[in-house]
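This structure is a prediction, so every number in the text was calculated from the model and none was measured. Lettering of chains follows the sequences in order, A, B, ..., and the numbering in each one begins at 1.
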Amino acid sequence: GIQVEQSPPDLILQEGANSTLRCNFSDSVNNLQWFHQNPWGQLINLFYIPSGTKQNGRLSATTVATERYSLLYISSSQTTDSGVYFCAVDKLIFGTGTRLQVFP
Amino acid sequence: EAQVTQNPRYLITVTGKKLTVTCSQNMNHEYMSWYRQDPGLGLRQIYYSMNVEVTDKGDVPEGYKVSRKEKRNFPLILESPSPNQTSLYFCASGSLGFNGELFFGEGSRLTVL
């Protein structure tokens, strides 16, 4: 089956810093989504992005399907960005996530 | 408001006592699925349904049952819960099956003693 790997596994930032999270997948996919799991456990849709680039406020994502990776950019990070970021592909095979902690 | 609603959100029960976690969506989605999330193992799919009366096993179906009698509802049934089913459960729905955007409920934290 498809393998989904995310990096880095952990990320600690000071408020205002920028970051890039990466998702690699082992085969071609029809569906790729990014989620944020907040400290209360809720999974929040960030992007549905099987290919191309999208932006939503301080967040943007790019998927290069031919090279089997996707990137999530967080600019001017805030403490509310803390949590775990997952990418998931096809019938939602999830990566193991990147745990982000943003300190004031 | 478009949403996926799970109940209960929190439950502590004992081994062997049957329980049902309900999931309802108001977006007229054909596709619904259940996941469990465990530390170190990430989210894994339990069952999914492509439409009414159509269900299929995911990666970890053992110990669970589902039904899809109506489009909006997809309950998860634990006939005889065991401690290894202690987990955080998520229901999801989407309009295009595997190829469309999925929306998740808020999660149900289940503890089996």
### Query
Just wondering, are more than 12 heavy atoms of other shown residues or ligands nearer than 6.0 Å to CD1 in B:Ile12?
no
### Query
Which residue pairs satisfy the disulfide bond (SG atoms under 2.5 Å apart) criterion with at least one member in residues 30-104 of chain A, sequence neighbours excluded?
A:Cys23-A:Cys87
#### Entry: Side-chain heavy atoms of A:Gln42 within contact of B:Phe90, under 4.5 Å
no
### Message
Nearest 0.5 angstrom please: B:Glu101 CD to A:Phe47 CZ, how far?
### Response
11.0 Å
## Note on the structure
Here the gap from B:Tyr35 atom OH to A:Leu43 atom CG, rounded to the nearest 0.5 Å, amounts to 10.5 Å
#### Entry: Euclidean distance, A:Phe94 CZ relative to B:Arg44 CZ, rounded to 0.5 Å
13.0 Å
### Query
Applying the 4.5 Å side-chain criterion to the ILVMFWY set and letting contacts propagate, would B:Phe74 and B:Tyr89 be lumped into a single cluster?
yes
### Task
Rounded to the nearest 0.5 Å, what's the gap from CZ on B:Phe104 to CG on A:Asn45? Could you check?
7.5 Å
### Query
How many angstroms lie between atom CZ of B:Phe103 and atom CD of A:Gln33, to the nearest 0.5 angstrom?
7.5 Å
#### Entry: Residues, nucleotides or ligands: over 12 heavy atoms within 6.0 Å of A:Glu5 CD
no
### Message
Report which part of B:Leu88 has an atom under 4.5 Å of a heavy atom belonging to chain A: side chain, backbone, both, or neither.
### Response
side chain
### Task
Kindly work out whether a path of hydrophobic side-chain contacts (I/L/V/M/F/W/Y, heavy atoms less than 4.5 Å apart) joins B:Val4 to B:Leu43.
no
### Message
Do B:Val21 and B:Tyr48 land in one hydrophobic cluster if side-chain heavy atoms of ILVMFWY residues count as linked below 4.5 Å?
### Response
no
